[in-house]
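Order of the sequence lines fixes the chain letters, A, B, ..., with proteins taken first and strands second; residue numbering starts at 1 for each chain.
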Amino acid sequence: MNYWLCKSEPETYSWQDLVNDGSTIWDGVRNYAARNNLRAMQVGDRILFYHSNYGREIVGIAEVSVSAFPDPSDDTGTWSSIIIKPLRAFKRPVSLDIIKADVFFLEMILIKNSRLSVQPVTKKEYDKIIQMGG
DNA sequence: GCCAACGTTGGC
DNA sequence: GCCAACGTTGGC
């Protein structure tokens, strides 16, 4: 099993929206690095769900329920989508401030490449995040 | 709302 | 193939 982090602006699509919907298509990604990460995802992989902008915290864990297929919002066949579903919310959301303040996360992509919207997370990082999230 | 960091585009 | 110009993301 592999671990990932996906960003969403809560004003556009929040964790609560995902819970309400039961599952959602993750489409509209238009960045090659992010797309390649989407394509590497397998059913059952875990996704840390991060609220960017207003929020700036990891709020819960989602799961890949359908692996990569052509993005229906794209006519060119260049881009890919997946489908995710919520697994559980954190008792205590893990904020960007907390992550940045901890040297354990110095190498985390969330810190080093803050613009990448779909990124891999190591098992160590994942385990510590979910421990902090409760 | 500003702007730094990063990606992409297009002229040369 | 380089790089300046431009657009976007996302933290502050």
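- The CG atom of N53(A) sits 14 Å away from the C1' atom of dC3(B) (whole-angstrom rounding).
- As judged by a 4.0 angstrom heavy-atom cut-off over every strand, R30(A) is placed among residues making no nucleic acid contact.
- Here dG7(B) is the nucleotide among dC12(C), dG7(B), dG10(C) with the atom lying nearest to any side-chain atom of N113(A).
- Closest-nucleotide positions on DNA chain B for Y54(A) and S114(A) were compared, and the one nearer the 5' end corresponds to Y54(A).
- In this structure, the CD1 atom of I109(A) is 15 Å from the P atom of dG11(C), given to the nearest Å.
- In this structure, NZ of K112(A) is placed 18 Å from C1' of dA4(B), rounded to the nearest angstrom.
- Rounded to an integer number of Å, the gap from CD of E11(A) to C1' of dT9(C) is 14 Å.
- Ring centroid separation for the pair Y50(A) and W4(A) does not come in under the 6.0 Å cut-off.
- The only option from K124(A), Q131(A), K123(A) that meets the side chain to side chain donor-acceptor pair (under 3.5 Å) definition with D127(A) turns out to be K123(A).
- In this structure, Y50(A) reaches the sugar-phosphate backbone alone: every heavy-atom distance under 4.0 Å involves primed, P, OP1 or OP2 atoms, never a base.
- Classification of K85(A) and D21(A) as a salt-bridged pair fails, no side-chain N sitting under 4.0 Å from a carboxylate O.
- The distance between atom NZ of K100(A) and atom P of dG11(C), rounded to the nearest whole Å, is 9 Å.
- Atom P of nucleotide dT9(C) and atom CG of N31(A) are separated by 10 Å, given to the nearest angstrom.
- Straight-line distance from the CG atom of L110(A) to the P atom of dA5(B): 16 Å, rounded to whole Å.
- The cationic atom of K128(A) (NZ for Lys, CZ for Arg) lies less than 6.0 Å from the six-membered ring centre of F104(A) and within 45° of the ring axis.
- Nearest heavy atom pair, residue Q119(A) against residue N37(A), reads CA-ND2, 3.7 Å.
- Between F49(A) and W15(A), the ring-plane angle classifies as perpendicular under the 30° and 60° cut-offs.
- Stem regions annotated for DNA chain B: B:1-12 with C:1-12, counting only runs of 3 or more consecutive pairs of Watson-Crick or G-U type with both contacts under 3.5 Å.
- If you check distances only, the side chain of R115(A) does reach the base of dT8(C) with a donor-acceptor pair under 3.5 Å.
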For R35(A) and D71(A), what are the C-alpha separation, side-chain angles and deciding distance, and is it a salt bridge (Lys or Arg N to Asp or Glu O under 4.0 Å)? CA-CA 10 Å; R35(A) 182 202 68 180; D71(A) 185 336; over 6 Å; no
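- Between the C1' atom of dT8(C) and the OH atom of Y32(A) lies a distance of 15 Å, rounded to the nearest Å.
- At dT9(C), none of the side-chain N or O atoms of K7(A) fall inside 4.0 Å of OP1 or OP2 (strictly under the cut-off).
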